[in-house]
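Read through the structure below, which is laid out as structure tokens, and then see the notes.
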Amino acid sequence: MSVSEPNAGADAGVGRYVRQTPWTRFRRYSAANIVVLYGTFLLTLIVVGLVIPNDFRFLAAGNLGVLFQTIPTLGILALGVGLLMIAGEFDLSVAGVYTLAPYLMGLSMNEWGWPLWAAVLLALFVGLVVGIANGLITTKLVIPSFIATLGMMFFLRGVVRFFSSDPKSSSSEQVSIYPGETFEAVLTGNIAGPLYAQFLWFIFFAVLAYFFLNRHRLGNHFLAVGGNREAAIAVGVNVNQVKRVGFVICSVGAAIAGTISATRVNAIIPAQTLTGLELQAIAACVVGGVFLFGGRGTVLGICLGVALILTVDNLLILLRAPGVYLQGFVGAIVIVAVIANAWFARRVGGQQD
């Protein structure tokens, strides 16, 4: 009996071992669902575009050019939002930063006579200040980030309206932004065909975000803090500092995205950018596999989530559907994501118990 016991133990160990096939590893990947969903959706659009190119102009150079210009601005914004969500916090003020930063940039050049470099630094400084403020309010005053950034959202709307309000009509005026041909070419110039410079910037920031989240100690701290705050504290992670860094990254990213967008259209229009972007960014993150409660998410998932939302928007335009349909789609995504996240949280909690 004593001779057979080691063999029995070995057999049990072999029985417990599960070989990790590529398909098994893919299924466990946080962005697996969005990879399959967007891949299938995009392939369907391409096939339809090839079959009936005259009636469905998805593959037309002009239409692809629109996608390559719109995806980067929301994408850069969502990268910051997603990293902060992975750390377990939210920022609802990103639309305000996205609007205020380039608005002051244009105002400083047009009316205050500032040089371009100083105006750009001002835009980035706005993002830095708002990010620091959100981080301090959340961590020092122990106020939930949802409430803190909601208040900041309304505050920034008021600041934008203060600078942009027309005394005669009480409506917000747009400000023109003409930073020069060289600056425009670097940020938003056409590279080749439907490819524009801002898409390359988006890829650049996505790669930076990937290495930050997966190859840097601070990125690992983001995952640890969002996944289990108490465990992160136990191993010596400065939780409040990590969250403050997350808020700064989020707000500076919003300022960069707003600057790129304003440079592309040579204007910033508060009525179009002050509301809605924060919901789209959060929706893109959650549909891309970012866990609402923090600790789980991928950069690839965030990028594909953005691509899915804006491709759906593009499809609605091609089908001449009302724009309100996109709002319904985004709202449905958020609701489904909340339900899925709650179910996942209960499942993980049950496994831990």
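Residue numbers count from 1 along this sequence. Since we're looking at a predicted model, the values are computed, not measured.
With a 4.5 Å cut-off on side-chain heavy atoms, Val94 and Cys250 count as touching. The shortest side-chain heavy-atom distance between Ile177 and Met105 falls under the 4.5 Å cut-off. Annotation: side chain of Cys303 is in contact with side chain of Leu79 (closest heavy-atom distance under 4.5 Å). Using a 4.5 Å heavy-atom threshold, the side chains of Leu292 and Phe90 count as touching. In this structure the side chain of Gln241 never reaches within 4.5 angstrom of the side chain of Thr139, judged on heavy atoms. Between Met152 and Asp91 there is no side-chain heavy-atom pair separated by less than 4.5 Å. Side-chain contact between Ile260 and Phe202 is absent, with no heavy atoms from C-beta onward closer than 4.5 Å. Under the 4.5 Å side-chain criterion, counting only non-hydrogen atoms from C-beta, Glu184 is in contact with Pro179.
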Derivation and outcome, side chain to side chain contact (heavy atoms under 4.5 Å, CB included), residues Phe163 and Leu107
CA-CA 9 Å; Phe163 282 106; Leu107 205 62; 3.7 Å; yes
For side chain to side chain contact (heavy atoms under 4.5 Å, CB included), just list the numbers for Val245 and Phe222, CA-CA rounded to whole Å, side-chain angles, deciding distance to a tenth of an Å, and then say yes or no.
CA-CA 9 Å; Val245 171; Phe222 271 52; 4.2 Å; yes
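Looking at Tyr98 and Ser261, their side chains do bring a donor and an acceptor atom within 3.5 Å of each other. Side-chain N/O atoms of Asn134 and Ser93 include a donor and acceptor closer than 3.5 Å. A side-chain N or O of Thr273 and one of Thr99 form a donor-acceptor pair less than 3.5 Å apart.
With a 4.5 Å cut-off between side-chain heavy atoms of Ile, Leu, Val, Met, Phe, Trp and Tyr, the cluster of Leu121 takes in Trp117. Other cluster members for Leu84: Phe247, joined by side-chain heavy-atom distances under 4.5 Å among Ile, Leu, Val, Met, Phe, Trp and Tyr.
Closest approach of Ala232 to Val239, counting heavy atoms only: CB-CG2, 4.4 Å. For Leu213 against Asn220, the heavy-atom pair with the smallest separation is O-OD1, 3.7 Å. Nearest heavy-atom pair, Trp114 versus Ala119, reported as atom, atom and distance to 0.1 Å: CE3-N, 4.3 Å.
Grouping the Ile, Leu, Val, Met, Phe, Trp and Tyr side chains by contacts below 4.5 angstrom, directly or via other members, places Ile317 apart from Leu308. Grouping the Ile, Leu, Val, Met, Phe, Trp and Tyr side chains by contacts below 4.5 angstrom, directly or via other members, places Val160 apart from Val265. Ile269 and Phe162 sit in two unconnected hydrophobic clusters of ILVMFWY residues. Membership requires side-chain heavy atoms under 4.5 Å apart, directly or through other members. Connection of Val66 to Ile76 is not established within any shared hydrophobic cluster, with ILVMFWY side chains joined at heavy-atom distances below 4.5 Å, either directly or through further cluster members. Put simply, Ile143 and Leu92 are part of the same group of oily side chains (I, L, V, M, F, W, Y) that touch within less than 4.5 Å, one to the next.
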Let me check something: any side-chain donor-acceptor pairs from residues 189-197 under 3.5 Å, sequence neighbours excluded? List them with distances.
{"from": "Asn190", "atom 1": "ND2", "to": "Gly193", "atom 2": "O", "distance (Å)": "2.8"}
{"from": "Asn190", "atom 1": "ND2", "to": "Leu195", "atom 2": "O", "distance (Å)": "3.4"}

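A distance of 9.0 Å separates CG of Leu100 from CG of Leu274, quoted to the nearest 0.5 Å. Taken to the nearest 0.5 Å, the CZ atom of Phe155 stands 14.0 Å off from the CG atom of Leu150. Remark: Leu77 CG to Ile302 CD1 distance equals 11.0 Å, nearest 0.5 Å. Taking CD1 from Ile268 and CD from Gln174, the interatomic distance works out to 9.5 Å, rounded to the nearest 0.5 Å.
Within the structure, the salt bridge (Lys or Arg N to Asp or Glu O under 4.0 Å) test picks out no pair touching residues 211-237 (sequence neighbours left out). Among pairs with a residue in residues 40-57, none fulfils salt bridge (Lys or Arg N to Asp or Glu O under 4.0 Å), at least two apart in sequence or across chains. Among residue pairs with one or both ends in residues 237-260, those qualifying as salt bridge (Lys or Arg N to Asp or Glu O under 4.0 Å) are Glu89-Lys243; sequence neighbours excluded.
The number of heavy-atom neighbours closer than 6.0 Å to CZ of Phe125, taken from other residues, nucleotides and ligands shown, is 12 or below.
Between Phe212 and His216, the two ring planes are parallel [angle under 30°; tilted spans 30° to 60°].
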